[in-house]
Amino acid sequence: MASRAVVVALLLAAVSASCARAQLQEKFYAATCPSVEEVVRKEMVRALSLAPSLAAPLLRMHFHDCFVRGCDGSVLLDSANKTAEKDAKPNVTLRGFDFVERVKTAVEKACPDTVSCADVLALIARDAVWLSKGPFWEVPLGRRDGSVSMSNDTKALPPPTANITQLTQLFAAVNLDIKDLVVLSAAHTIGTSHCFSFSDRLYNFTGMDNASDIDPTLEPFYMEKLKSKCVSLDDNTTLVEMDPGSFKTFDLDYFKLVSKRRGLFHSDGALLTDAFTRAYILRHATGAFKDEFFADFGVSMVKMGNANVLTGSQGEIRKKCSVVNH
């Protein structure tokens, strides 16, 4: 009897999730805020013309929002006692919060109390990719903002040290499959990373903490280049390009790097340990299927953007993204 109740509860949850996804619409604001995408893009064009390196952090912020409590803008919330998502270790290097607030202010001026911070962030992420010479996709809208943000929940974020089993489990938790995993990992084609996110591969791979304790799966020449930039495990400030030479351009070079065992993170290298993800990487490492990958990326971003969204009367429309209304 108890097991039957569990099954019924799971089915109801699945139906509820499907209904929530169905309420997101590409033209959700057609009548209430038809200029929202134009307003967001104007701010994005202005910002990235001055600081093109901001694109990757803004895209990353959307990822980190969706993997924790769903795409509800909770990553944007402040906490007086520093216990919000943005205060957790995986998020301390996020940047662009002030810019998101600036975009939200512009949207509020055009359409007061109408567009959620979660939707603003989803549009910012799409334009961050597109303005970096990546794909364009229509963003389903209609998300509402959550009011809960807890640092402990960030354990749902895929860490750079994850193996393929951990990655697939964490992606599955937000209804993303193994294809979405390899496709979305290619977001690492833009941006930089601090040394501490991967330096264990260079000096402390098995916990021995010495110069010979290295990750054997990392290509030796690339490893030496990384060591010349990240001189110790204690380096907390140095930034390294994730896609050397084109880290401001959204392209297929990520696949070429990973195929040569030059993926920066352990999680990048882990994609070579699964037959499906390895085959996808090798296919796109040729550079011959750009349109196919761009289409895949848009599809996977829409799927991720549907993760556990609040819609209808759920949540709220925040006036400021960093604080709840009440």
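The figures that follow rest on heavy atoms only: side chains count, while hydrogens, waters and symmetry mates do not. Keep in mind that what you see is a predicted model, and the values were worked out from it rather than measured.
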Novice: For the residue pair Phe297 and Trp137, categorise the inter-ring angle as parallel (less than 30°), tilted (30 to 60°) or perpendicular (more than 60°).
Specialist: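 Geometry flag for Trp137 against Phe297: perpendicular rings.
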Novice: Identify the two heavy atoms, one from Ser116 and one from Tyr29, that lie closest to each other, and give their separation to 0.1 Å.
Specialist: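 What the structure gives for the nearest pair is N-OH, 3.6 Å.
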Novice: Name the orientation class of the two ring planes belonging to Phe63 and Phe67 (parallel below 30°, tilted from 30 to 60°, perpendicular beyond 60°).
Specialist: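 Parallel, since the angle between the ring planes stays under 30°.
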Novice: Would you kindly say whether Asp235 and Thr238 are connected by a side-chain donor-acceptor distance under 3.5 Å?
Specialist: yes
Novice: Which atom pair, heavy atoms only, marks the closest approach of Pro140 to Glu138?
Specialist: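 So the two residues come closest at CD-O, 3.3 Å.
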Novice: Ring-plane angle category for Phe265 and His188, please: parallel below 30°, perpendicular beyond 60°, tilted otherwise.
Specialist: perpendicular
Novice: Do we see a donor-acceptor contact under 3.5 Å between the side chains of Asp87 and Ser151?
Specialist: no
Novice: Quick one: does Asp274's side chain have a donor or acceptor within less than 3.5 Å of a partner on Thr277's backbone?
Specialist: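 A pair under 3.5 Å: yes.
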Novice: What is the minimum heavy-atom distance between Ser300 and Leu176, and which atoms define it?
Specialist: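 Scanning both residues, the minimum pair turns out to be O-CD2, 4.3 Å.
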Novice: Indicate the atoms forming the closest heavy-atom contact of Leu157 with Pro90, along with that distance.
Specialist: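 So the minimum-distance heavy-atom pair works out to CD1-CB, 3.7 Å.
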Novice: Would you name the heavy atoms of Cys33 and Thr114 that are closest together and state the gap between them?
Specialist: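 That would be CB-CG2, 4.1 Å.
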Novice: Under 3.5 Å, is there a donor-acceptor pair linking the side chains of Glu85 and Thr154?
Specialist: no
Novice: What's the separation between atom SG in Cys71 and atom CG in Leu310, rounded to the nearest 0.5 Å?
Specialist: 10.0 Å
Novice: Say whether Asp251 and Thr249, considering side chains only, have a donor N or O and an acceptor N or O under 3.5 Å apart.
Specialist: no
Novice: Among Lys104, Arg102, Lys109, find the residue that satisfies the salt bridge (charged side-chain N to carboxylate O under 4.0 Å, His left out) test when tested with Glu43.
Specialist: Arg102
Novice: Could you grab the distance from atom OG1 of Thr206 to atom CG of Asp215, nearest 0.5 Å is fine?
Specialist: 10.5 Å
Novice: Pairing donors with acceptors under 3.5 angstrom, does anything connect the side chains of Asp253 and Ser246?
Specialist: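 Short answer, yes.
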Novice: Picking from Lys260, Arg262, Arg261, what satisfies salt bridge (charged side-chain N to carboxylate O under 4.0 Å, His left out) with Glu219?
Specialist: Arg262
Novice: Under a 3.5 Å cutoff, is there a donor and acceptor pairing between the side chains of Arg60 and Thr93?
Specialist: yes
Novice: Going hydrophobic residue to hydrophobic residue with side-chain gaps under 4.5 angstrom, can you get from Val40 over to Met61?
Specialist: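 As far as the 4.5 Å side-chain criterion goes, Met61 and Val40 are connected within one cluster.
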Novice: Taking salt bridge (charged side-chain N to carboxylate O under 4.0 Å, His left out) as the cut-off, I'd like each qualifying pair that reaches into residues 307-326, sequence neighbours left out, listed once.
Specialist: Glu108-Lys319, Asp113-Lys319
Novice: Using modelled atom types and a 3.5 Å cut-off, is there a donor and acceptor pairing between side-chain atoms of Asp200 and backbone atoms of Phe205?
Specialist: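 Flag not set: sc Asp200 to bb Phe205 has no pair under 3.5 Å.
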Novice: Among the clusters formed by ILVMFWY side chains lying less than 4.5 Å apart, do Phe293 and Leu271 turn up in the same one?
Specialist: yes
Novice: State plainly whether the residues Asp78 and Lys86 are in salt-bridge range, i.e. N to O under 4.0 Å.
Specialist: yes
Novice: Could you check whether Arg144 pairs with Asp119 (Lys NZ or Arg NE/NH1/NH2 to Asp/Glu carboxylate O, under 4.0 Å)?
Specialist: no
Novice: Checking side-chain polar atoms at under 3.5 Å, does His194 have a donor or acceptor matched by the opposite partner on Asn236?
Specialist: no
